[in-house]
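Data first, discussion second: the structure below is written as structure tokens.
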Amino acid sequence: MAAAHQLTRTTQLLLLCSLLWTQAPSPVMSSLLSAQTEDFIDWWQHAVFYQIYPRSFKDSNGDGIGDLQGVIFKLPYLAETGITATWLSPIFQSPMVDFGYDISDYKSIQPEYGSMTDFEQLVNTATSLGIKIILDFVPNHTSDQHEWFIKSAARDPLYDNFYIWADGKLDNQGVRQPPNNWQSVFYGSAWQWHEQREQYYLHQFTKEQPDLNFRNPAVVRAMDDVLLFWLNKGVAGFRIDALNHLFEDEALPDEPLNGKTTDPLSYDYTQHIYTKDLPEVLTMVQHWRQLLDDYTDKHSEGATRIMMTEAYAGLQVLMDYYEDAGGVRGSQLPFNFHFITDVNENSDARDFVYNIEKWLIYMPRGHTANWVMGNHDKPRVATRFGPTSVDAMNMLLLTLPGVAVTYNGEELGMQDYREISWEDTVDPPARNAGKLDYMKESRDPVRTPFQWNNATNAGFSTAAKTWLPVNPNYLVLNLEAQKQAVKSHYKVYKSLIELRKLPVLRRGRFSIEPLSRAVFAFKRTLKDYNTLVTIINVSAKEQLVNLTDFINRPQKLVVEVAGVDSVYAPGDFSFLTNNRTDNPQLRLAPRAGLVLSYEQSGMSVQRRLMVKQLIKSFNVVLVALLMYNLWRHKWTKVNFN
């Protein structure tokens, strides 16, 4: 009987120790297992925002123009890919002079795209798929067909000051001239004479896009009302268009010449010190942030409502959009366009490292970085960097810390269609440039329809003619083909989205170095998790990469993601040229990238997990033994009595 008691105590002690080990907080394997743990990151802080250009995404009714029902039909594709947020280029009622950026009614859907019922269905369907909807908000200007402008031109007292109106001036010959030398972004004077009102109005873009006067409190209230209208429709936030053009100097002085061109009608003719980046812009950003925060607080059952802002501005200006010197917060995501404006196919590794680090260095502490690889205004990734760079650029975009922004089609490596004829050209800046120079200015090549398959019009539309011609390369470059292929840009992109679920990419620390002029690498590290390393060759030549100084004696390097032309494959680990981990080297093809993982020395996360699993299994035996001894002890006691 004493032996039975002793055995019971021993068994209980063993069981208690093993339970303490298995119940203690511990890491989750990060290489092949996706962690679903709460890490206190708000929904938007690690999201991939997928920009949809609705006019070119999917046509549901055969009129050659993409629409909301087309977007709804393709939402499962986004969910399958792993996208959890999408922002739509403007879908509001518009004469379509600038394809939605000239809005005639902020609270109505453009009839070509559908109805308000369609939009409500879109939000509901997206929500059911775990996708949040962000709308493109265009506050700087309206259409000249907007009710506000029509009433302002007629000097209606309620709308008289809604826009920027000014008298002209007479030249030496007595001919009426614009108030000053300001130019439109789209070429020509930024002033247009209005016969009815007998004044000029300001338009920083097309003459059909008159600038609103944000110094008028009534304008601010009207635009606040627009934001609240769409928030009540269920959107998760807004991308604010052309933000830094909102205010102009009230005195309307001439802007100084900058010497870049002798053409007085070119936007490059002057320095835009009186029409861009005025201090009042920051005040407006902070006002809208407060509106969104207040709405979130009052509707706490929903997610945080966010603001993304578009401004091609200086770094310090953009950082103030995050948070000013007094700590007042503005935009959650002032768009970072450095991958579009500051690097190209001729940039070397140092240029990439510099442009990444300068954003992170200047960004105020406690905020979230963002990286924009493409959009509807600039050449596509495959055109800017070359088709062979697509996978490497997506690896860069999706493994950096923070938010990634993808323009639709970049996941396939779609390319600009530079052969669009003058007759098929519809972009306002291109039309303004004329038949000889239109292609230098045209944004049409980056806006061609999405290439779904190799059917008629790339599966975009059944129409005889689409609003823009489809790139002829759709016969081989399309989503369906890439889904069926063993390796494809889409599959690489999707695997990167899946990789982003790992805690090390959500919360890991970041360090980056140029390993040479051709190659740079960066690490994401997090205690108790495998380290991830992204290595990119930006040169046109194969590179032998030595990782000795960059990686601290890893136990084993494993390929997590490789490009379509790579000699490596996910899961490879015996790929080092000298097969030694104390001096790791690898061959990197031209314009190629790799994402690797490795364990530091000591007991790895995987080994600890394996030991823990063994102990859990052993517990089953211990429990059985304990129950047996308890039963035996009771039986012995009964028989003894």
Side-chain angles (χ1 to χ4, degrees), residues 44 49 51 87 89-90 98 100-101 103 134-141 164 182-186 190 202-205 209 211-212 214-215 219-220 223 227 237-249 255 258 267-268 270-292 306-325 328-343 355 358-360 362-364 367-378 402-405 407 429 443:
W44 56 272
F49 287 85
Q51 182 193 355
W87 64 276
S89 290
D98 193 20
Y101 287 92
I103 297 170
I134 304 294
L135 290 184
D136 212 331
F137 178 54
V138 187
N140 179 70
H141 48 264
I164 310 297
W182 296 354
Q183 303 89 22
S184 161
V185 175
F186 288 171
L202 179 69
H203 62 92
Q204 293 200 60
F205 295 89
Q209 294 170 294
D211 276 39
L212 284 162
F214 272 87
R215 299 186 188 279
V219 171
V220 176
M223 298 309 271
L227 294 176
F238 303 91
R239 176 260 192 189
I240 313 295
D241 177 71
L243 176 68
N244 52 339
H245 294 271
L246 281 183
F247 287 87
E248 304 79 28
D249 191 307
E255 293 188 312
N258 63 19
Y267 194 65
D268 289 333
T270 61
Q271 301 175 44
H272 304 287
I273 61 174
Y274 300 127
T275 54
K276 282 179 66 178
D277 301 320
L278 270 65
E280 296 90 335
V281 173
L282 180 58
T283 303
M284 201 68 239
V285 173
Q286 294 167 348
H287 168 80
W288 283 329
R289 172 63 181 267
Q290 189 62 55
L291 182 149
L292 291 170
I306 68 163
M307 174 169 45
M308 311 157 80
T309 47
E310 183 216 29
Y312 289 90
L315 190 59
Q316 292 186 353
V317 170
L318 296 176
M319 295 303 120
D320 281 344
Y321 288 169
Y322 271 126
E323 180 180 317
D324 69 11
V328 181
R329 296 197 167 199
S331 172
Q332 278 96 342
L333 297 171
F335 272 173
N336 172 6
F337 294 123
H338 290 161
F339 288 153
I340 295 177
T341 59
D342 291 19
V343 291
N355 279 285
K358 71 181 181 183
W359 187 273
L360 297 174
Y362 273 83
M363 184 175 68
H367 290 270
T368 302
N370 74 91
W371 317 94
V372 183
M373 192 60 76
N375 62 33
H376 62 292
D377 286 333
K378 302 296 181 180
V403 166
V405 181
Y407 177 54
R443 298 170 297 177

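Nothing fancy with the numbering, it's 1 onward along the sequence.
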Contact between [X] and [Y] at the side-chain level, heavy atoms closer than 4.5 Å - yes or no?
X	Y	result
His338	Trp371	no
His245	Val185	yes
Phe49	Ile306	yes
Thr270	Trp182	no
Val317	Asn244	no
Met307	Gln332	yes
Met284	Val220	yes
His203	His141	no

Between Trp288 and Phe137, ring centroids under 6.0 Å: yes
Given the side-chain rings of Tyr101 and His376, with only the six-membered ring counted for Trp, is the space between their centroids under 6.0 Å? yes
Quick one: closest heavy-atom pair of [X] and [Y], and the distance?
X	Y	value
Pro139	Ile240	CG-CG2, 3.7 Å
Leu318	Ala311	CD2-O, 3.6 Å
Pro334	Tyr322	CD-CE2, 3.3 Å
Gly100	Pro90	O-CB, 3.1 Å

Pair Arg239, Asp136 - check side chain to side chain contact (heavy atoms under 4.5 Å, CB included), show working. CA-CA 5 Å; Arg239 176 260 192 189; Asp136 212 331; 2.8 Å; yes
Out of curiosity, [X] [atom1] to [Y] [atom2], how far, rounded to the nearest 0.5 Å?
X	Y	atom1	atom2	result
Ile134	Met308	CD1	CE	6.5 Å
Asp342	Phe337	CG	CZ	12.0 Å
Asn375	Ile340	CG	CD1	4.5 Å
Asp241	Glu310	CG	CD	5.0 Å
Leu246	Leu278	CG	CG	10.0 Å
Gln286	Arg329	CD	CZ	12.0 Å

Is the side chain of Asn258 donor-acceptor paired with the backbone N or O of Asp268 at a distance under 3.5 Å, no angle test? yes
Does any N or O in the side chain of Arg215 come within less than 3.5 Å of the main-chain N or O of Glu248, such that one atom is a donor and the other an acceptor? yes
Walk me through whether Val372 and Tyr407 qualify under side chain to side chain contact (heavy atoms under 4.5 Å, CB included). CA-CA 9 Å; Val372 183; Tyr407 177 54; over 6 Å; no
Between Asn370 and Trp359, does a side chain to side chain contact (heavy atoms under 4.5 Å, CB included) hold up when you go through it step by step? CA-CA 9 Å; Asn370 74 91; Trp359 187 273; 3.8 Å; yes
Between Lys276 and Tyr267, is NZ or CZ placed under 6.0 angstrom from the six-membered ring centre and within 45° of the ring axis? no
Do the ring planes of Trp87 and Phe335 sit parallel (below 30°), tilted (30 to 60°) or perpendicular (above 60°)? tilted
